[in-house]
Every structure is written in structure tokens, then in C-alpha cells.
Amino acid sequence: MLLPRVRIAPSPTGNLHIGTARVALFNYLFAKNQNGVFVLRIEDTDIERSDKKYEQSIFDGLRWLGIDPDEGPEQGGPYAPYRQTERTETYEKYIRQLLAEGKAFYCFHSEKELAEEKGRMMAEKRVLLHSCTHRDTAPAEAHARAAETSDFIIRFKTPAGRRIEFTDLIRGTVAFESDLLGDFSIAKRPNVPLYNFAVVADDYEMKITHVIRGEDHITNTPKQMLIAETLGFPMPEYAHLPLILGPDRSKLSKRHGATSIDEYRAQGYLPEALFNFMALVGWNPGDDREIMSKEELIRDFLLEKVQKSGAVFDVQKLDWMNGEYIRRKSVTELVDLCMPFFGGVTSEKDRAYLGKVIALEQPRLKKLSEIAERVGYFFSEPEYDKELLRWKKVTDADIRTSLERAEKVLSGISDEAAKAKLERVFLDEIGGGDRGSLLWPVRVALSGKKASPGPFEIMEILGKEESLARIRGALKKMA
RNA sequence: GCUCCUAUCGUCUAGCCUGGUCUAGGACAUCGCCCUCUCACGGCGGAAACCCGGGUUCGAAUCCCGGUGGGAGCACCA
């Protein structure tokens, strides 16, 4: 039995986009589930727009997510090269073949003429296509003319009256009429192919069996099938994934906010959370599971369970899931992950201290980038308005009394008192009274925040002297 | 405009193929309660959806037809 070969073919014209990454993810899950091969191919034929730095962003982003190609520009493979700009002989071979067989032809219409034609069709409310008058020019004559001018393009001679049908693995039967396609362009020059042609040649040469891509490619499919058929290539299976949408339900784009994997990474999302989350937009395992490991996802992935309609990218749910993954981390791991979000903390002693601090925030952390702001008071004296010290409607005198009591209690405790001990002593002091009137101002004095971990946890880490200093500081504010 | 795709809570979705068990299930978000000095975590509970209209049927979220809504594509980009 043949193992499936799937491919992701991004163009390096921007940082790795969420949508592209999701397509890559689904290809990866499908390939791994089927024990197949996942191929990464760079579609950089448009040299004007492509850029090496974007290519690197694609490599880095996929690697970070844990989506590792089996074959690609970095890892090589039996069908190398995997960059279209390095495969021009292949395209030229097939373009010349089509030209020679009269299945493609030179079109000498200027862009201006084409634009006018388009305007006319628009006015007549007809489908926009170009049925070229040059399609039946004698090859010899066309060749001669092409040798003299550079103002031409190569078009596919689309057959008339054909119904083109394919079975989409996700949507079922999809059908198009060839008469609505026109004589579409396939190359600028014999060695400069256009997208619809290049992918067909590459997919054939690379023995791709399954083309899994975004729904936005669905109308390209009949063109590609026509080319493949004419060249005698076997048809791959097609599967068109639903698009990822912004909150307004249009295709996710820059105006919706962060759209590249880099940005999510920089904000402190965990790769496994993003992996898990992206897998679940447009797909589900058929039961109630949501937090799923990569291995689980691969094992249970089923193309048939992929959704047909577009799905909104819900950042709030991503945040929740990221929090879930953060809570599953060991403190040591979490410290490593948080390190980039702090500046200049390197020594082992600092690391140990950081570990204690981070462990405290672990349950409420949604994104790693929040960590520095959340625990800032452990590293420097907090600044806050003295009104924050007020518990409910108590008077200034009450606040002072509470802080003085706290100071007195804390002074009587040994230097290394642990949280449990601190808690016991303070609770004894409070007796059956209102805890808030004592604990709230103490906690604010320590953290300077209206929301933070508990005062005992903070005191344990801060130590007796620093805690006392902060309580005295608060007292000074109230004076 | 034309072509194609699509339609269950605000969002992601289960259920649809093989009609009744659906008083439509789960999750995020939201609201309330509990825990609690605060926030979070955790626990409990609430509000919240079958696009509309016909048909088939004893019975339709599920099958059929027609509308409507949403999306994408219509390059010498990919």
C-alpha cells in the first residue's frame, strides 16, 4: 500500500500566518496519522515578492510548533530541490511540451486590452474570463512573434463544454464548467511558471497524493485538474479546509490583530497550546475531549471529521487553553519559559527565587508575557495609592491599627517562618474577627495590588525584614 | 456581477448519513452561588442555538425543494 504524501506550499511573502500554520498542521496530522510523508515546498516563483527572511519565519514557526516536515528545503529529500525558484527546468520542460502539442499558446494581448475586456464583461454582467483570440494561431507564427517581443503570456487552451468534477474529501462532489474558466494563464515565460501551473508540475514530480489546502483554493482546483489531465498526470485527492475567520467572519487578516505565529510566540503562548487549539478550529475528535496532546491528536485525526464551514479564531478560548497548559508545567519548566520575559535574571540564586515567585502566579497566568508585570513587586518596592489600603469602608485609624497589629505580630516571629506558621499566627491574632480588615491592608502593603496571591505566600517569599519594611512603609503613607 | 462553498447557543462544536431516546449535549466567554482578605484556581448552578418557508412522514435539527444569510474565488499573486 502506498503511503500518502501531503504537502504544504507557502509563499515567503510574509511571516508564518495562522491560516498557513493551520493548513500545515492538518496536513501534518493527516500524514502522521496515515504514516505518510509531510512535504514542505516553498512557492517563491514570484521573486519580486518573496523574501528569505520570510522563508526563515516559516521554517522557524513550524519548528517551534512542532510541525516538522519530512522533506523540505532544510531537510532535503528524494525530490529536491523544494524551492520553486530552483526547479525552473522542470516547469520549462512541461510548458514547452504543452506549447509543442498545441495545448497551450502564446497570448499577445496587452494588459490594457485585457483590462478593457474585463470592463466590458463586467458591464454585461457576465463571468469574468478571457477566451483568447490567439489560441489557434499557428505555432510557428506564434513562436516567431514571441521571439521578437517580450509582451506575451502563455495560456492554457481550455477545452470547451467540459464538466470538471472532483470528490472533495471534506465536501463531497464539487463541479465546475470549463466554459467559465477561460484560457487561463499558466506562465510568463517557458521558465517562469505561474502558480496554477507550477503546483501541478511539482505535485506530480513530488508524487503528492493528497492536496489538503484552504477553501480559498477550491476554484483553482478545476484549472489544476485540467492541466494535470492534459499532461497525463494522475489526479491527487483533494480536501479543502474551512477558512479561519476573524470576529467579523471574514478571512482572518492583519486588520483583525495578531495573525502571525511569531506574534503569538512573542506574547507567550505555548506551542503545544497553539497546536492543540488550531487543531480544534474546524475539527474535533468526535467526543468531549479538548485538551489533547500532539500524539493524541495524530492518533485520532480524521479528515472526515473536519468541519465544512469557516470558524472564527477565538482568542479568549486560546487564552484559556494556554492557561491550562501553563498549569500543567512544572515550575522548573515554567521558569525557563518565563525567562525571556525578564531582563537580567541569571544567577542560580535568582533562579531559585524566581521559581518561588512564578509558582505563585502559575494558577492565574494566561500568557507568559504577563509574568513580569504580575510579579514586579517581588523585585522592587510597589507603588500604589494609599486608598487601596482601605478594606471596605473602614476609617484611616482602622487601617493604621491593622497595620500596627500586623507589624507587631510579624516582629515576634522567627526570620524563616514558613507560610503555614505565618498563617497560624495571624489567624490567632484575628481570632474570630473580620479577617479582611487585617489581611487586606497587609496584602496591599506587600504587593501594591488589588489582585494578587495571598499575604502569607508573599511574606514567606519576601522574608520577615522586607515584609516589615513594606508594612511600615504603608503606615508612613497613612500618617 | 458571475462561479463555487457554506448554515445548531455570542464563539468552537456534538447530534444529521442510519428520522422518534433532543425537555438539543460539551467547551470558551458571560451571570449567580460556594471556597475566600483580593484576584485566580477549584466546585455547583443559570441564561443562551436547530436561518426562513414549503413538502415527505404518525413524527424532522435530522430527508427533499425553494428562498435568505454568510464566506471565498474571479491577476502577467500565491
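The distance from atom CG of A:D46 to atom P of B:A78 is 5 Å, rounded to the nearest whole Å. The interatomic distance linking A:N276 (CG) with B:C28 (P) rounds to 13 Å, in whole Å. One can place CZ of A:R328 at 13 Å from C1' of B:C41, the figure rounded to the nearest angstrom. Atom CZ of A:F277 is separated from atom C1' of B:U11 by 9 Å (rounded to the nearest Å). Between A:L129 atom CG and B:C4 atom P the separation is 14 Å, expressed in whole Å. When the P atom of B:A75 is taken as reference, atom NZ of A:K223 falls 7 Å away, rounded to whole Å. For A:L388 and B:C37, the CG to P distance is 17 Å, given to the nearest whole Å.
For the C1' atom pair drawn from B:U8 and B:A48, the interatomic distance equals 12 Å after rounding to whole Å. B:C50 sits 13 Å from B:G25 when the P atoms are compared, rounded to a whole Å.
Taking the ring axis of A:F176 as reference, the NZ or CZ atom of A:R162 does not stay both within 45° of it and closer than 6.0 Å to the ring centre.
Using a 4.0 Å heavy-atom cutoff across all strands shown, A:L128 reaches at least one base atom of the nucleic acid. As judged by a 4.0 angstrom heavy-atom cut-off over every strand, A:L194 is placed among residues touching the sugar-phosphate backbone only. Residue-level contact check: A:D179 touches neither bases nor backbone, having no heavy atom under 4.0 Å from any strand. A:G454 comes within 4.0 angstrom of a base, heavy atoms only.
For B:C37, there is no paired base (Watson-Crick or G-U wobble, both distances below 3.5 Å). When both distances must be under 3.5 Å, the Watson-Crick or G-U wobble mate of B:G10 is B:C28. When both pairing distances are held under 3.5 Å, B:U57 makes no Watson-Crick or G-U pair with any nucleotide shown. When both distances must be under 3.5 Å, the Watson-Crick or G-U wobble mate of B:A72 is B:U3. As the counterpart of B:A49, no nucleotide is assigned, since no Watson-Crick or G-U wobble pattern has both distances under 3.5 Å. If you check B:C16 for Watson-Crick or wobble pairing at under 3.5 angstrom, you find it has no partner at all.
Below the 3.5 angstrom threshold, one finds no donor paired with an acceptor across the side chain of A:R171 and the base of B:C5. A:R126 contributes no side-chain N or O that forms a donor-acceptor pair with the base of B:C2 under 3.5 Å. Between the base of B:A27 and the side chain of A:K317 there is a donor-acceptor pair shorter than 3.5 Å.
Checked against the 6.0 Å centroid threshold, A:F301 and A:F26 count as a close aromatic pair. Between A:F233 and A:Y94, the ring center distance clears the sub-6.0 Å criterion. Ring centroid separation for the pair A:F30 and A:F38 does not come in under the 6.0 Å cut-off.
Distance CZ/A:R171 to CG/A:L241: 8.0 Å, rounded to 0.5 Å.
Where A:Q84 and A:K118 each meet RNA chain B at their nearest nucleotide, the meeting point lying more 5' is that of A:K118. Toward the 5′ end of RNA chain B lies the nearest nucleotide of A:P455, the other residue of the pair A:I153 and A:P455 mapping further downstream.
Residue A:N284 places no side-chain N or O under 4.0 Å from the OP1 or OP2 atom of B:U13. The phosphate of B:C17 has neither OP1 nor OP2 within less than 4.0 Å of any side-chain N or O from A:K305. Under 4.0 angstrom from either OP1 or OP2 of B:A40 there lies no side-chain N or O belonging to A:K366. Listed pair A:W320 / B:C28 meets the phosphate criterion, a side-chain N or O lying under 4.0 Å from OP1 or OP2. The side chain of A:T45 places an N or O atom within less than 4.0 Å of a non-bridging phosphate oxygen (OP1 or OP2) of B:A78. Within the 4.0 Å cut-off from OP1 or OP2 of B:A14, at least one side-chain nitrogen or oxygen of A:Q307 is found. Regarding contacts with the backbone of B:A40, every side-chain N or O of A:R374 stays at 4.0 angstrom or more from both OP1 and OP2. One finds a side-chain N or O of A:R249 lying less than 4.0 angstrom from the OP1 or OP2 phosphate oxygen of B:C12.
With respect to A:E407 and A:R472, a salt bridge is recorded, a charged nitrogen being found less than 4.0 Å from a carboxylate O.
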* To do: Given side-chain contact (heavy atoms from CB on, under 4.5 Å), test A:H109 with A:E117 step by step and report yes or no.
  => CA-CA 10 Å; A:H109 287 287; A:E117 183 189 34; over 6 Å; no

